[in-house]
Protein chains: 2
Amino acid sequence: MSRLAKTDADMVRVHNRLAVLDHLRRVAVTTRKAVSEATGLSVSASSAISGALLRGGLLEEIEEDDRSIRRGRPGKSLALCGRAARVAALKIAVGEVSGRISDYAGRPLAEMRRGVDISGKDGGFIVDLLAELASDLTAELAEEPRELDKVVVAVQGKTFSDLSGIVWSPALKHRHIEIAEPLSILLGAPVSVLNDCSLMPEAFRWRADFTGLDFATLFVGFGVGMGLRLNGATFQGKHSSAVEFGHINHMPGGALCRCGNHGCVEAYAGDYAIWRSATGKGDIPAHRIGDEAMQRLADAARAGDPAARAAFEAAGNAIGYGLGRVFTMIDPLPIVMTGSGAKAIDLLETSIRGGIRESAVDGLGSDTPLIVEEDTDALVFDAGTAYALAALDQEFARSGAEATEAA
Amino acid sequence: MSRLAKTDADMVRVHNRLAVLDHLRRVAVTTRKAVSEATGLSVSASSAISGALLRGGLLEEIEEDDRSIRRGRPGKSLALCGRAARVAALKIAVGEVSGRISDYAGRPLAEMRRGVDISGKDGGFIVDLLAELASDLTAELAEEPRELDKVVVAVQGKTFSDLSGIVWSPALKHRHIEIAEPLSILLGAPVSVLNDCSLMPEAFRWRADFTGLDFATLFVGFGVGMGLRLNGATFQGKHSSAVEFGHINHMPGGALCRCGNHGCVEAYAGDYAIWRSATGKGDIPAHRIGDEAMQRLADAARAGDPAARAAFEAAGNAIGYGLGRVFTMIDPLPIVMTGSGAKAIDLLETSIRGGIRESAVDGLGSDTPLIVEEDTDALVFDAGTAYALAALDQEFARSGAEATEAA
DNA sequence: AGACTTTTTCCAAGCCTCGGAAAAAATGGT
DNA sequence: ACCATTTTTTCCGAGGCTTGGAAAAAGTCT
């Protein structure tokens with residue numbers, strides 16, 4: 001009946017180890033003293049914990065040359081040991097799977113992209129494809145082969161809230177596809193499946209300029225999606241992958257959306273919607289509008305084509321209204337924007353801010369920072385990797401360090 | 001730089017004491033053994049902590065008559081000691097201030113309501129008024145007078161996120177009114193000022209049927225407001241009091257709202273909006289529509305008056321679209337509804353669910369539970385009291401128990 | 001080479017919780 | 001009535017982690 005569980009010395013140990021690992025993620029290289037200052041632990045405790053993590057193989061002492069010329073005994077530099085683990089961030093998108101392998105220190109080791117027509121394929125095919133991609137990525141490495149320790153699959157579309165697979169994806173005709181369990185058996189590592197957009201805030205998990213900050217990531221491309229970082233945690237819905245920003249209703253009874261409803265934000269701001277509006281065709285195009293096509297359309301708008309301009313303006317307006325609604329509900333948030341929409345930000349920003357101004361109380365948030373990250377793939381890989389490493393840190397803090405206890 | 005702070009034995013003690021208090025809040029009366037089972041603590045620890053809290057005066061051993069006829073040594077019944085503290089939940093509404101005093105066990109001791117024209121008054125007047133109300137409430141008690149230990153002020157309108165006062169309220173013409181500091185000096189107790197709607201989920205904090213559940217409270221009355229309970233915490237915005245559900249835009253360029261924007265949910269679903277729509281008058285009525293007037297309007301709709309019916313239907317539709325937007329963003333949530341709208345739920349429910357169906361992906365959430373709580377004041381008092389008691393528990397867990405250490 | 005400084009390591013002490021044993025307080029047979 | 005049983009509390013030693021201070025280590029500065 002109680003909601004608050006007890007705590008004990010074990011929890012203290014786990015928590016403090018995690019604090020040390022967290023600090024290392026942020027600064028990459030420190031000393032025991034610096035760890036003590038950053039975490040609030042005594043130097044004795046900091047030293048003891050560092051020592052245990054060192055013996056456990058999670059950390060390594062490194063030689064640093066840029067030792068500032070200060071008096072006194074120089075601190076021994078500590079860093080995460082890349083060899084402690086290996087993680088993969090995989091991505092399923094329309095007509096393409098891709099992935100990146102990184103070491104425990106977060107350094108990318110290999111990256112790969114593979115165009116495949118996966119639309120009509122079933123779960124077994126997808127799982128095999130991902131497993132093959134992962135093993136090819138591993139094979140590419142010079143170092144001796146070793147198994148992965150954690151795998152994250154980012155998917156366009158809706159995923160189960162228990163991270164086990166795909167409810168529905170625009171990349172796949174089949175529905176309800178189990179991924180985590182079969183793939184984890186093939187790869188010998190735990191697998192988590194998440195929506196790409198809601199995962200994206202993880203990319204900023206250890207970045208100093210985003211620490212403690214609430215913000216949203218906004219993907220505007222073929223679809224429109226959002227990720228939220230609230231109270232220092234990446235928001236995950238209970239029911240599904242959540243924050244379906246693209247399907248927040250913009251205009252009751254408005255334009256037809258892919259989802260079957262009328263008036264969704266996506267029905268104005270998705271690539272297909274902008275295309276539909278600019279070309280004057282009423283139907284949803286059967287195939288994905290390519291990035292190049294969207295670039296041409298944006299160039300036409302920049303050159304003054306009135307239909308194209310109007311289409312981008314309507315898109316920005318819908319996004320702005322959507323953001324205004326989010327801001328009214330949650331709070332004004334800084335926005336990290338990516339996707340093809342980020343490349344057309346010059347055409348969208350004015351109407352986005354205008355939409356916020358019209359829809360939020362007192363126009364609050366219409367001047368919110370808008371940070372553009374053009375490389376969506378890199379963002380998703382960063383996010384998946386961070387998520388995987390955070391999961392490993394938690395696991396290692398719990399039990400990993402003393403396993404190899406043998407000074 | 002680090003985000004994760006260290007933990008130590010102190011934290012363990014605080015956390016576990018809080019766990020014991022939390023359990024007592026839920027079940028009202030237990031035994032040391034039951035505490036151990038509920039929290040996961042060993043019986044030794046449970047006994048030790050209970051003993052400390054007992055000596056600290058937070059708990060008391062009580063004689064119970066309903067002892068079930070079981071073998072073995074009967075457990076000594078423990079309960080929160082009402083005399084350990086006294087809290088007040090005060091409320092500022094249009095033309096009225098009210099309040100309730102409760103003891104540490106959460107039992108209401110006195111309640112009071114006072115109609116006052118506060119519209120044009122300044123901060124000093126409001127603070128004095130609240131202080132007077134609090135002392136009158138205290139005077140009403142038979143027991144010897146004693147100071148309050150914690151005061152919560154619930155306000156219609158927007159409050160500062162640091163809980164210090166009122167940014168803006170429909171009850172007051174003045175803006176930016178400091179309440180917490182001056183009132184805490186007058187009353188000798190810490191004061192927190194919060195928005196009434198966002199506070200409401202606190203009323204369910206210790207209720208078994210809501211434990212661990214995410215849900216929303218929805219107030220539909222002169223204004224329209226929402227409270228959110230997400231991940232076991234009552235949502236509080238960083239920027240202001242947050243979840244301005246009534247001002248989430250419903251229809252771009254739509255009906256004029258009190259806030260100056262066009263198309264807010266409130267501009268369709270607020271009392272004044274329903275009235276405006278039913279009577280065919282275009283303006284926002286200058287004065288608050290009374291509850292009786294709304295009842296008459298509802299009765300007219302029930303009797304078949306088409307304009308009234310249409311007005312309620314439009315209101316329900318706007319609420320439904322708003323909920324659909326929230327559900328699309330967060331997740332479908334059970335709704336606890338209160339305010340004059342709760343009394344007209346028979347006129348609203350169909351169109352609310354219709355609105356959700358039209359605006360949420362796959363209509364998800366259109367069948368969400370809709371729980372009606374007609375007594376809004378009781379809900380606000382319950383919420384304020386729970387908030388105050390939770391704050392005290394935290395404080396007592398940290399330091400209170402051993403202060404009176406003298407068996 | 002010796003004085004200083006700063007970082008690490010080492011060790012006894014202090015707090016918690018835990019597990020088991022002993023004590024306490026009833027019930028149920030005989 | 002009395003003793004065995006059962007169940008709840010209390011008591012006590014042990015174990016784990018952090019702490020603070022002292023000692024050791026490893027460099028700079030003069």
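A, B, ... follow the sequence lines: proteins, then strands. Residue 1 opens every chain.
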Measure from [atom1] on [X] to [atom2] on [N] and round the result to the nearest Å.
{"X": "A:Met11", "N": "C:dC18", "atom1": "CE", "atom2": "P", "value": "10 Å"}
{"X": "A:Lys33", "N": "D:dG27", "atom1": "NZ", "atom2": "P", "value": "17 Å"}
{"X": "B:Arg73", "N": "C:dG28", "atom1": "CZ", "atom2": "P", "value": "18 Å"}
{"X": "A:Leu78", "N": "C:dT7", "atom1": "CG", "atom2": "C1'", "value": "12 Å"}

Protein and nucleotides 18-21 of chain D: nitrogen or oxygen contacts under 3.5 angstrom:
| residue | atom | partner | partner atom | Å |
| --- | --- | --- | --- | --- |
| D:dT18 | OP1 | A:Asn16 | ND2 | 2.9 |
| D:dT19 | OP1 | B:Lys6 | NZ | 2.7 |
| D:dT19 | OP2 | A:Ser42 | N | 2.9 |
| D:dT19 | OP2 | A:Ser42 | OG | 2.8 |
| D:dG20 | N7 | A:Ser44 | OG | 3.0 |
| D:dG20 | O6 | A:Ser44 | OG | 3.0 |
| D:dG21 | O6 | A:Ser44 | OG | 3.3 |

Taking the side chain as every heavy atom from C-beta outward, state whether B:Leu21 and B:Leu80 have any pair of such atoms under 4.5 Å apart.
yes
Basic-acidic side-chain contact under 4.0 Å: B:Arg205, B:Glu202:
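A salt bridge is present here (some side-chain N lies under 4.0 Å from a carboxylate O).
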Salt bridge check, B:Glu395 against B:Lys150: does any charged N sit closer than 4.0 Å to a carboxylate O?
no
By the salt bridge (Lys or Arg N to Asp or Glu O under 4.0 Å) test, which pairs, at least two apart or in different chains, include something from residues 381-394 of chain A?
A:Arg25-A:Asp393, A:Arg100-A:Asp382
Would the base of D:dT5 count as contacting B:Arg71 through its side chain, where contact means a donor and an acceptor less than 3.5 Å apart?
yes
With sequence neighbours excluded, tell me which residues meet side chain to side chain contact (heavy atoms under 4.5 Å, CB included) with B:Asp149.
B:Ala85, B:Arg86, B:Arg146, B:Leu392
Report the relative orientation of the aromatic rings in A:Phe204 and A:Phe210; use parallel for angles under 30°, tilted for 30 to 60°, perpendicular for over 60°.
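Aromatic pair A:Phe204/A:Phe210 classed tilted.
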For DNA chain D, whose closest nucleotide is more 5', that of A:Gly72 or that of A:Asp10?
A:Asp10
Taking 4.0 Å as the cut-off, does a side-chain nitrogen or oxygen of B:Ser47 come that near to OP1 or OP2 on D:dT10?
yes
Respond yes when some side-chain nitrogen or oxygen of A:Arg70 is under 4.0 Å from OP1 or OP2 of C:dT7, and no when none is.
yes
